[in-house]
Structure formats: structure tokens, C-alpha cells
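Below is one structure, written out as C-alpha cells; the observations come after it.
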Amino acid sequence: MNSGSPQDGSSHRRFNPYRWPNRRGDGQFDRDRRGAGGYRGEGGGGREGGGGGKDKSSWYKMIIPYGRKYDKKWLLTALQNLCSVPFTPVQVKESNALKPIQVHVCLSIKPGRQVARSNPRVIVLMNPCPPPAILNTQLKPEDIEHLKQCMAKRFDGSQRALDLNNIRTDPDLVSQNIRAILSRKTFMDAVVKIIEENIPELVCLNLSNNKLYKLEDVADLISKAPHLKILNLSHNELKSEKELDRLKGLKLVELWLDRNPLCDQFKDQLTYISAIRERFPRLLKLDGHDLPPPIVFEVVSPTTTPPCKGSYFGSEEIKVLIMHFLQQYYSVYDSGNRQPLLDAYHDGASFSLSLPSSQNPNRCSLREYHKDSRNIKRLKDPSTRFRLLKHTRLNVVALLNELPKTQHDSASFNVDVNTYTTTLLSFTVSGMFKEVDGKSQDAVRAFSRVFIAVPAGISGLCIVNDELFVRIATTEEIQHAFAATAPTPSSSPVPTLTAPQQEMLSAFSLKSGMNLEWSQK
Amino acid sequence: MGSLAEFCPFCNTADFRTHVDASCRYSEEFTNIYYDCMDKKRRNLMRLYLDKATLVWNGNAVSGQAALGDFFESLPSSEFSIQTLDCQPVHEQATQGQTTLLVVTAGQVKFDGQKQRYFNQNFLLTAQASPTSDQPVWKIASDCFRFQDWSS
């Protein structure tokens, strides 16, 4: 292309040909600050390409006259090192006119002046240009098929490992004239898609020696190959560990990164390891070396629940109070006539009953309870919802009297005390009972019942809310139920309360706005 | 909590029917929020509890927001499926006028690392006046949870 004249200050985005003075070249490239000398015949200043902040990527064409005489690999590396910002050579073409090598580059900077020393001298002409046609090339279906066959050959099913090391030199592809350059989006996307469709169970992937300078397209593997644990990215062109941020979702256990420019950025091994571990906290092996066990601050997700314990009363006094109450309550409940329970309930008491949902196969044999079952998840009609909540002790006990006659296994009782205050005691009883007559005679049920009570007198409780959940007992529960001979109600002695316990209970009952005293009949 | 005595979220009158209707609505809404939080936003769960709330979880007693926060973090991730829901307004005599709901649930839960299990749970919810709306904010005063097969 053209070289602008040195005095041409108006063509903003053109580089003048600049020469790299032949100093004591040692093959190293330095970057001078802009405006420095060392240029011959350069006009002053401003190569600042027209105004900063261009859009993210702009296309430039670099032309190196007589480029053929240079080793291409050396040349490209040199150009990369020269440029303060990494650029992507997209296409390198050799052209006959002047035998230049044309390098299409994608640059995300505004052009600035660079000076470099080198041996030998290289002239680089750089001009903006439209995006090259090559970008639009999609892979042909037959190419994709060849790629897939090639990958299949390189896949080890027993290890679920895919080896794509240096794949552009694979004879199968080369013979088909397919240049599988994985640093190109079209190829990497094709590879990822083939993995997704054929081997999503992939555990181990080798991408070494593929000139990868970015991992943007590899990142798709996070969702498409979720079991990937071993990744080899060694011998590539990754310049910064920040590139690895794109792969953060992978639960890598083993990673190879050596022979990437990024490895030289770290002042010592520990910093290197910790930077990599920041991205992959589960990493156990890096560059073939076992890592010391990680200091993990993140809480690994628990997979066990706390052990289950039996009754929780909170205090011995409450335990006595409740056990006393339950004994009396169930002795009436199981007696065949529940009418005396009126004395156990507050005037304004509420009661409702619920069962497992109809999806539960066990529900169907609880027919006697169906008509009174209140499940507001299924029941939407407000009138029905209201009707099924029994209010006032008369209504409560009327319903209790209709429920099947029972025999409870008090040995099976488990009690959890939810809350107790000076005015409220709430506890949940669960256990087993047997139906003693009717269609389901001897059927064993399990129940969970919440009682909310207010103090009544000095030795009792008065129920204000009562909710009963009934279900079928499991086989295991049935085996353990009714193991000990339960004492018959009439013969069981009532435990008497010691003096300190009585005192405690009277402290508990502040105001007994009750006109009832619940006591054993 | 000054004006809580005057604050009745159910209605202006003491009509029992209205209490019941409202308590059904509130408990449905509450359980949706609670179990969604339990499954998907576990870190926020403790905010649904009063500071002095108590939880009895399969016989393990946990009390206070800080302990509740730690406890919920220690539980594996969960998938709850509520199949039964019942509720009752709690008699004011027990609560000294502080509007309270009894909510009872049953269903299945799958904790990560375990098989799916049936459970029973019940809550006492108390109404707190909200500074930003005329609807109350319900907070859990007590929570009792048990697997149906806890002893196996």
C-alpha cells in the first residue's frame, strides 16, 4: 500500500514506514515512549489516530515488503511483541507484488507510534482496511464431518479424553485441505458443537499447541461439557491469567498452562498457583505438579442433615406438665366417649384435621377422615374452608366424637415444644394409634398433632387451638408400635406433682380467665 | 411495637369468619415465600424469623437469628414439595392480643445427599405492622419440623 510522506500530518490513521534502527540488536524489542527520537525523517508527533476511543475493534492491514525473506513465525511474534496491545492476525497472505506478506490484523487500540530495535530491519506498513472476507467463511458441512471423524479418532472412550494437540497438523485434516486453526472462532465453535452433540460426558481435553490467544469460544464448554475436569492449555499464546476468568464455571481438578506467555508474568511459583486457584478452587494438579491442599474458605455444600433426636421439651417442668396432660387427654380420647373432652377445650377453641394429599397413595384408606379433611392447598372455596374449621368447644368435640375410635400407643409419643410463654404453650405430638372398631379395625395410623394451650388452674392446660394430621403408618412403624403392653386407661396412676413443680406451674398460670379446671375424672 | 394492640391485620371487626378467610390467604402466601426461600435463597431465610424465634428441627432446638442463619447454612440444598396446608387463627387469649396464625404443612422434601422424605411442619406466625404498606409483615415466632421417618 502507500506510504504517507513524513510531513503528511493530515492522514490520521496511517503509519509512515518506520525503520527500526539497527542498534546492537539482540533480537529484543523495546518500546519507546511516543515522540521519542530514533526516527529518521519522521514528522513530529501525532500518530494519534483521529480521536481516541474507537469502537472495540478496528481492522488494519500490515504489509511487510520483502516479507518472504523472514521466517513467518519470527515475524509474527516480533509484531506481537512490538504492539502494546495484543492483536489478532487473522490472515497472513503472501502476495507477489513486492513479495510482501500481508497480515490482516484486528486492533483494539488507537494507533500510536512505536519504535523498536531489531536485527534485521523490518519495514511494516500499516493501514486501516475493511474486515477481510475470510471472516465470513463458515465451515462446509463436509469439512465439519471430516473434523468430526478426526476428533473421533482422537477420543479415548475409556478415559473420556479428547486429544486436540496441534490439530492443525493432523494428517487426516491436512489431506482434506482443512486447516483446523483453533484460534479461529469458526473452528473452535465447530469443535465445541461436535463435543456437545457427541461427547458431552467429556472429562479430559487437550488443547495444547493450538496457538490459542483467547478462551472466549472455549468458554462454551462450561455448559456443554459440564463434567470436564482436566484441561491442557499448555504451549499456547495466552498472555494473561485473566483470560482464564472466562472458564471459571469449569470444575477443573487438573490444568496445564505451561509454555504460555502468561506464565512469565508471575514473580514466583506461589503467586502463580494462587492466581490460578482463584479461578479454579478445586484444582489439585497444575502443570503436572500436585498442588498442596487448598485453603478453602468457601463452604463446600453440605450433604448431610443434622442427626434426628427425640422429644424436645425444653425443661423438665414443661415435660411433666405436658406428659400429665397427654395422659389424661388420651385416656378420655381412647375411652369410647370423647364428650368429657369438653373440659379440655376453651370456649373459643378451634380444631381442624388434615390428611396427606390425594396424590399420596396412602390416603385412600383413610376414608373415614376424608369428609372432615381440611387441606387449603386443594380446597379453594371459602365457605368449605370455613365450615371445616371447627370453632367453639361444642363443635370441636362434636367432630371428635364422630372420628373413628382409637387406641393410642403412648410409648410411641414424641413431643416437640414449640413455644412457651406466660400465656401460651404450644407443642407438637406425634405417634401412633390403632383404630379399634369400624371398617378399619386394627388399622395402624400415625399422627402429628399441634396443641396450643393456655394455662388452666394450677395443674392443667386449656386447649385453644388443635390441629390433627393423620396418615397411614409405614410397615416399619407398625412393627415397632404397640410393642410394650400399654397400660389400660383405668389402671394408670396419675403422676403427682412435687411441691416445686406445683409452684412452677402456678407461676406459669397468670390469669386463668377460664371457668374450667381440667382434672382427671 | 407500640400500637400493635390496635393493629389487627385481619379486619376492623372481630368477625371470626373474616379472620379465617384472611388467615387462609396469608398462610398460602407465606408458605409460598417460605419454601421458595428455603429452596432458592437460603441465605435470606433467617430474615423471615423473629429475632427471638425458636426452631425445633427433628428435636434439635435452634434459637435466635444468628443461630438460625448458621443452621440453615448447614443444611444441604433442598427441594420442597408441599402437599397439605392447614391453618387456624390463634386464640387471642394465648397471644395477649398479638395476632398470630398457626400454619401446618406436610409434604416431601429432598435434601441434597439424601433420598426424598415425608415431613410435617408447623409455624406460629405473628403479624408485624409494616412501615410501607397496610398489609402486615408476617414473621415466624416458632417453627417445628420433623421427618415422618425421623427415627429410622
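Computed from heavy atoms alone, side chains included, the values below leave out hydrogens, waters and symmetry copies. Just so we're on the same page: letters track the sequence lines, and every chain starts at 1.
Of the inter-residue distances, the one linking B/His19 atom NE2 with A/Phe386 atom CZ reads 11.0 Å to the nearest 0.5 angstrom.
Aromatic ring orientation, A/His408 versus A/Phe413: perpendicular (interplanar angle above 60°, classes split at 30° and 60°). Ring orientation note: the planes of B/Phe145 and B/Phe119 are close to parallel, at an angle under 30° on the 30°/60° scale. Note: B/Trp138 and B/Tyr26 have tilted aromatic rings, judged against thresholds of 30 and 60 degrees for the angle between ring planes. Ring-plane geometry between A/Tyr345 and A/Tyr329 is classed as perpendicular, the angle between the planes exceeding 60 degrees on a 0 to 90 degree scale with a lower cut at 30.
Under 3.5 Å, the side chains of B/Asn120 and A/Ser430 contain no donor-acceptor pair of N or O atoms.
When each of B/Ser77, B/Ser27, B/Ser142 is scored by its heavy-atom pairs under 4.5 Å with chain A, the top score falls to B/Ser142. Between chain B and the options A/Val450, A/Leu389, A/Asn414, A/Thr304, heavy-atom pairs under 4.5 Å are most frequent for A/Asn414. Interface summary for chain A: among B/Ile82, B/Thr95, B/Asp21, the most heavy-atom pairs under 4.5 angstrom belong to B/Ile82. Of the listed residues (B/Cys24, B/Ala106, B/Gly113), the one with the most heavy-atom contacts under 4.5 Å to chain A is B/Cys24. Ranked by heavy-atom pairs under 4.5 Å with chain B, the first of A/Leu353, A/Thr419, A/Asp416, A/Val417 is A/Asp416. Put simply, of A/Gly348, A/Ser352, A/Ser426, the one with the most heavy-atom pairs under 4.5 Å next to chain B is A/Ser352. Put simply, of B/Ala53, B/Cys87, B/Gly107, B/Ala141, the one with the most heavy-atom pairs under 4.5 Å next to chain A is B/Cys87.
Only the side chain of A/Ser448 has a heavy atom closer than 4.5 Å to any heavy atom of chain B. Using a 4.5 Å cut-off between heavy atoms, B/Leu75 touches chain A through backbone and side chain atoms alike. Of the atoms belonging to A/Val415, not a single heavy atom falls under 4.5 Å from chain B. Contacts between B/Gln148 and chain A at a heavy-atom distance below 4.5 Å involve backbone atoms as well as side-chain atoms. If you measure heavy-atom distances from A/Leu379 to chain B, you find no contacts under 4.5 Å at all. Of the two parts of A/Thr305, the backbone and the side chain both hold a non-hydrogen atom closer than 4.5 Å to a non-hydrogen atom of chain B. Looking at B/Phe71, the atoms closer than 4.5 Å to chain A (heavy atoms on both sides) all sit in the side chain, from C-beta outward. Heavy-atom distances place both the backbone and the side chain of A/Ile376 under 4.5 Å from chain B. Proximity to chain B is limited to the backbone of A/Phe351, based on heavy atoms less than 4.5 angstrom apart. For a residue to count as touching a neighbouring chain, one of its non-hydrogen atoms must lie under 4.5 Å from one of that chain's; by this rule B/Thr31 does not touch chain A. Of the two parts of A/Lys380, only the side chain, counted from C-beta on, holds a non-hydrogen atom closer than 4.5 Å to a non-hydrogen atom of chain B. Proximity to chain B involves both the backbone and the side chain of A/Ser383, based on heavy atoms less than 4.5 angstrom apart.
Few gaps surround CD on B/Glu28; more than 12 heavy atoms of other groups in view lie less than 6.0 Å from it.
Both tests pass for A/Arg338 against the ring of A/Tyr333: distance under 6.0 Å to the centre and angle within 45° of the axis.
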Might you work through the side-chain hydrogen bond (donor to acceptor under 3.5 Å, both in side chains) test for A/Glu477 and A/Thr474, ending with a clear yes or no? CA-CA 5 Å; A/Glu477 285 171 326; A/Thr474 63; 3.2 Å; yes
Give the intermediate values and the outcome of side-chain hydrogen bond (donor to acceptor under 3.5 Å, both in side chains) for residues A/His480 and A/Glu476. CA-CA 7 Å; A/His480 292 114; A/Glu476 202 189 334; 4.7 Å; no
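Listed by first and then second residue, the salt bridge (charged side-chain N to carboxylate O under 4.0 Å, His left out) pairs that reach into residues 96-119 of chain B are B/Lys115-B/Asp149, B/Arg117-B/Asp149, sequence neighbours excluded. Among residues at least two apart or in separate chains, there is no salt bridge (charged side-chain N to carboxylate O under 4.0 Å, His left out) pair with a member in residues 58-70 of chain B. Listed by first and then second residue, the salt bridge (charged side-chain N to carboxylate O under 4.0 Å, His left out) pairs involving residues 52-62 of chain B amount to none (not counting sequence neighbours).
Contacts between residues 54-66 of chain B and chain A, defined by a heavy-atom separation under 4.5 Å, are made by B/Thr54, B/Val56, B/Trp57, B/Asn58, B/Gly59, B/Asn60, B/Ala61.
Salt-bridge annotation for B/Asp36 and B/Lys41: present, with a side-chain N of the basic residue lying under 4.0 Å from a carboxylate O of the acidic one.
Here the side chain of A/Thr406 pairs no donor or acceptor atom with the backbone of A/Glu435 at under 3.5 angstrom.
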